[in-house]
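Beneath this line is the structure, given in structure tokens, with notes to follow.
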Amino acid sequence: MASENSPLLAYRLLGDEGVAFSANGAGGPGGASARKLSTFLGVVVPTVLSMFSIVVFLRIGFVVGHAGLLQALAMLLVAYFILALTVLSVCAIATNGAVRGGGAYFMISRTLGPEVGGSIGLMFYLANVCGCAVSLLGLVEAVLDVFGADSARSSGLQVLPQGYGWNLLYGSLLLGLVGGVCTLGAGLYARASFLTFLLVSGSLASVLVSFVAVGPRSIPLTPRPGPNGSSLPPQVGHFTGFNSSTLKANLGAGYSKDYTTGAMMNFASVFAVLFNGCTGIMAGANMSGELKDPSRAIPLGTIVAVAYTFFIYTLLFFLSSFTCDRTLLQEDYGFFRAISLWPPLVLIGIYATSLSASMSSLIGASRILHALAQDDLFGVILAPAKVVSRTGNPWGAVLYSWGLVQLVLLAGKLNTLAAVVTVFYLVAYAAVDLSCLSLEWASAPNFRPTFSLFSWHTCLLGVASCLLMMFLISPGAAGGSLLLMGLLSALLTARGGPSSWGYVSQALLFHQVRKYLLRLDVRKDHVKFWRPQLLLLVGNPRGALPLLRLANQLKKGGLYVLGHVTLGDLDCLPSDPVQPQYGAWLSLVDRAQVKAFVDLTLSPSVRQGAQHLLRISGLGGMKPNTLVLGFYDDAAPQDHFLTDPAFSEAADGTQEGGSPALSTLFPPPRAPGSPRALSPQDYVATVADALKMNKNVVLARACGALPPERLSRGSGGISQPHHVDVWPLNLLRPRGGPGYVDVCGLFLLQMATILGMVPAWHSARLRIFLCLGPREAPGAAEGRLRALLSQLRIRAEVQEVVWGEGAGSGEPGEEEEGDFVNGRRGDAEAEALAGSANALVRAQQGRSRGEGPGGPEGGDGEGGPATALTFLYLPRPPADPARYTRYLALLEILTRDLGPTLLIHGVTPVTCTDL
């Protein structure tokens with residue numbers, strides 16, 4: 001049997017033995033042998049019987065008598081218009097591919113996904129179960145109305161005892177008969193339905209003939225109880241034959257009290273009764289697993305059944321209005337017996353329609369339940385429903401449903417559930433319309449049904465009509481059904497369902513994202529709406545989890561891409577080794593709970609791969625503007641998979657569900673001293689390449705030492721205060737005016753401010769350090785910076801520090817950025833400058849903890865807030881590639897023992913003081 005993600009088109013038209021493959025998607029035990037019902041027996045007959053039900057015999061007078069012919073025809077047109085909209089959607093979905101067992105549930109779940117499909121499928125199943133019980137109790141009441149010992153009618157045998165226990169016994173016996181037929185298989189059900197269809201058709205034919213053959217007569221009506229226990233005067237109804245005066249009197253509405261309930265009727269209440277009797281259009285679709293060709297039988301049979309029942313209802317409305325006065329119509333809803341040539345035949349029709357409706361509901365419920373059990377959406381609760389016979393008959397689901405119907409019968413009178421049943425049906429109809437609407441709006445190339453008489457307008461109108469009818473019939477039941485659907489969907493979402501069915505939501509999202517990406521014009525970008533869009537290059541995620549989460553916090557709702565370069569040459573490989581890796585990386589994103597995309601590439605070198613990713617990652621106006629790299633040093637990488645709670649896995653190396661654990665999908669971290677995939681020269685060259693491409697660069701060092709609570713998703717559980725230190729000046733470029741803050745310095749301030757907006761960093765205090773040059777007056781630079789921070793709406797503590805050793809050498813503007821490594825200074829002097837800057841930063845970190853002036857090693861501490869993260873200005877790499885190694889060594893000296901540090905170089909303006 002093909003799986004859900006198998007191609008819809010078989011490449012071999014003939015099997016090995018020359019037998020054509022089935023195109024109907026048959027599957028499961030029994031396979032093709034279970035699919036033996038024709039369009040007429042499998043769809044037309046059950047749909048006609050379900051749409052007629054008992055209404056066609058006992059509610060024609062009710063509708064015409066209260067609403068009149070004109071409003072009755074209007075109600076019928078509106079009801080069938082709503083049903084026709086759903087029929088069009090059913091036809092479209094059924095002709096778009098193979099339809100297996102489950103009918104409406106299969107269509108909904110394979111379109112809207114298991115969460116929505118499972119919840120609506122269960123509600124549709126319960127509607128069929130309750131509908132079966134309602135039909136059986138209606139049949140019991142119809143039998144007792146004639147043969148009951150307490151019957152008010154003077155005619156009839158009146159031999160059957162009545163009471164709750166007796167009614168339950170009769171209902172249980174009838175349920176046993178119905179269940180026995182359904183348990184023996186769809187073949188026997190089809191034959192029994194056909195026999196019932198013949199009886200109902202014969203009964204209707206006798207009624208139609210009686211309208212013409214029977215002459216005018218007066219019909220005495222049963223006396224109605226009056227106030228205070230008295231009886232009203234007896235009334236007489238008149239069958240006038242075809243009479244224009246009778247028709248004229250019946251054209252308009254004449255709403256009065258319903259003699260069965262005592263309630264005053266109106267348009268909405270009469271329309272609800274009429275619509276309740278017509279909601280059986282899915283009876284044929286529910287038999288999809290037993291149909292020879294469901295993709296053809298469901299549309300054709302349903303349309304034929306709807307057209308036939310509409311014609312019969314219309315004909316009965318006209319004949320009743322022409323021949324019966326309003327008193328007869330309003331006071332005797334079963335007047336067909338009184339005017340029939342042979343009244344027992346009408347009784348046979350009433351009993352046959354009730355019995356067929358109960359059979360249709362029970363077998364439809366069992367097929368839906370079997371499909372739900374096969375999909376394993378509700379676990380072991382539905383396990384018994386998976387049992388099937390050798391011929392493919394799901395007798396386990398039939399017995400399961402039989403038991404539930406028996407429980408519902410214990411409740412006795414189920415008039416209150418009739419509205420709930422209809423509302424549940426309408427939820428399923430609305431879901432079918434929504435499924436078709438979603439497929440049409442998604443514009444998926446594979447949605448090309450052979451039935452084309454529909455559009456998104458009909459689908460949308462169908463959804464709206466079904467929802468309107470739900471609240472018109474019973475506002476309380478409608479609200480409760482939608483709430484129940486939401487709860488079931490939430491339960492299935494939490495439990496997890498199959499992911500191989502294909503979600504139309506993904507197609508809709510793709511369609512909408514493509515549309516809005518085209519509207520995202522990079523030419524309209526403005527600095528005040530700038531946000532970081534990060535490309536984080538990761539070698540092995542086992543050693544980069546803290547950086548992974550820190551970058552997720554820095555993105556501020558922007559694009560976040562995890563990039564990885566696999567070394568290799570596609571010319572020398574039999575297949576692309578990158579494609580199989582995507583699943584592991586996407587699982588990593590899910591487990592780490594970061595909002596990131598994944599982009600992998602194959603390249604002979606990491607540097608070239610990084611160039612590829614910088615150029616082609618993203619789409620349209622969503623492309624990375626910032627490259628994030630881990631720092632290149634000799635520290636041994638840690639395996640955070642072993643310590644991170646989110647990555648704790650079973651001892652056998654598998655996740656829940658049997659999929660491989662992430663620890664088996666990524667190699668262990670690099671051992672100390674082992675060769676690296678990236679050389680120091682290429683590392684610095686990658687930084688230089690990014691700057692040439694006008695990308696900002698972030699180098700992250702020692703992120704594994706970040707406080708774990710700062711990397712969490714929430715803000716709770718943070719008790720220890722921390723500082724975030726920002727040094728917005730180039731500490732390796734001593735100039736005469738170090739108080740100068742350039743574009744890169746503003747970029748540092750912006751990134752630090754963005755981090756402070758994350759809930760986990762709300763409690764951290766931002767400190768900005770301003771270095772005083774030899775000719776800088778204390779307080780002047782601080783005042784200028786505070787004014788700038790006020791304009792930028794950045795709340796921070798500003799501290800002035802005295803520039804360290806080497807600050808006085810050189811004149812302002814004498815050196816260009818990066819010249820400290822190009823020969824004007826010796827290596828020893830440059831390293832001394834880097835060491836001095838490192839000592840200056842560490843001294844401020846130690847002072848924040850209350851340590852002595854000697855830094856962390858000296859002085860008495862008072863335990864002040866520690867520095868959680870330091871932002872440093874990253875100088876541009878030297879122009880001469882030969883000095884890349886020296887440049888990297890200076891960065892190592894500058895950041896040594898500083899704890900978690902971000903070296904940042906910004907090349908684009910990111911701050912704005914305008915509104």
Side-chain angles (χ1 to χ4, degrees), residues 52-69 72 138-139 141-148 150-158 160 199-225 231-247 249-250 254 256-261 265 270 273-274 277 312-354:
F52 276 159
S53 65
I54 205 170
V55 173
V56 74
F57 291 102
L58 296 182
R59 288 296 180 265
I60 296 296
F62 170 83
V63 175
V64 178
H66 287 287
L69 177 62
L139 176 57
E141 291 181 0
V143 171
L144 293 178
D145 188 48
V146 178
F147 302 105
D150 300 332
S151 175
R153 295 181 180 272
S154 58
S155 60
L157 296 179
Q158 298 181 341
L160 295 178
L199 293 175
V200 173
S201 299
S203 179
L204 284 175
S206 73
V207 170
L208 295 176
V209 171
S210 298
F211 276 111
V212 179
V214 174
R217 62 176 65 176
S218 298
I219 302 172
L221 304 176
T222 304
R224 306 299 175 201
S231 296
L232 296 176
Q235 291 181 297
V236 177
H238 299 282
F239 177 78
T240 64
F242 287 93
N243 189 306
S244 59
S245 299
T246 304
L247 175 63
N250 287 330
S256 62
K257 287 186 177 181
D258 176 15
Y259 72 82
T260 62
T261 63
M265 293 293 100
V270 174
V273 171
L274 173 63
I312 295 298
Y313 274 123
T314 304
L315 185 60
L316 289 175
F317 281 1
F318 271 107
L319 293 176
S320 300
S321 301
F322 262 108
T323 60
C324 302
D325 69 353
R326 195 175 292 272
T327 301
L328 178 61
L329 294 175
Q330 288 185 343
E331 298 298 329
D332 186 5
Y333 299 151
F335 71 94
F336 282 177
R337 289 178 58 199
I339 67 171
S340 176
L341 290 171
W342 189 44
L345 194 56
V346 177
L347 282 179
I348 293 174
I350 294 173
Y351 300 158
T353 53
S354 299

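Just so it is clear, the model here is predicted, and its values are computed rather than measured.
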Nearest atoms (heavy-atom pairs only) where V64 meets R326: O-NH1, 4.0 Å
Beyond-backbone contact of V346 with V207, side-chain heavy atoms, under 4.5 angstrom: yes
Nearest-0.5 Å distance, CG of residue L316 to OG of residue S321: 10.5 Å
For H238 against S218, the heavy-atom pair lying closest together: ND1-OG, 3.2 Å
Atom pair OG/CG of S320 and D325 - distance to nearest 0.5 Å: 12.0 Å
R337 and V146, any side-chain heavy atoms less than 4.5 Å apart: yes
Residue pair T327 / Q235, side-chain donor-acceptor N/O under 3.5 Å: no
Minimum heavy-atom distance F62-M265, with the two atoms named: CZ-SD, 3.5 Å
Contact summary for L69 and F317, nearest pair of heavy atoms: CD1-O, 3.8 Å
Side-chain touch L144/L160, heavy atoms, less than 4.5 angstrom: yes
Parallel, tilted or perpendicular: ring planes of Y351 versus F147, cut at 30 and 60 degrees: tilted
Pairwise distance CZ(F335) to CG(L329) - rounded to 0.5 angstrom: 5.5 Å
F242 and F322 aromatic ring geometry - parallel, tilted or perpendicular at 30°/60° bounds: tilted
Test item: T353 side-chain N/O and I350 main-chain N/O as donor-acceptor pair under 3.5 Å: yes
Straight-line distance of S340 OG to F211 CZ, nearest 0.5 Å: 10.0 Å
side-chain hydrogen bond (donor to acceptor under 3.5 Å, both in side chains) partners for Y333, two or more places apart: H66, D258
Considering all heavy atoms, the nearest N250-C324 contact: ND2-O, 2.7 Å
Between CZ on residue F336 and CG on residue L208, distance to nearest 0.5 Å: 8.0 Å
G334 versus L58, closest heavy-atom pair with distance: CA-CD2, 4.0 Å
Min side-chain heavy-atom separation S203-I348 under 4.5 Å: no
CG-OG1 distance between L247 and T240, expressed to the nearest 0.5 angstrom: 9.5 Å
side-chain contact (heavy atoms from CB on, under 4.5 Å) evaluation trace for L341 with V214: CA-CA 7 Å; L341 290 171; V214 174; 3.6 Å; yes
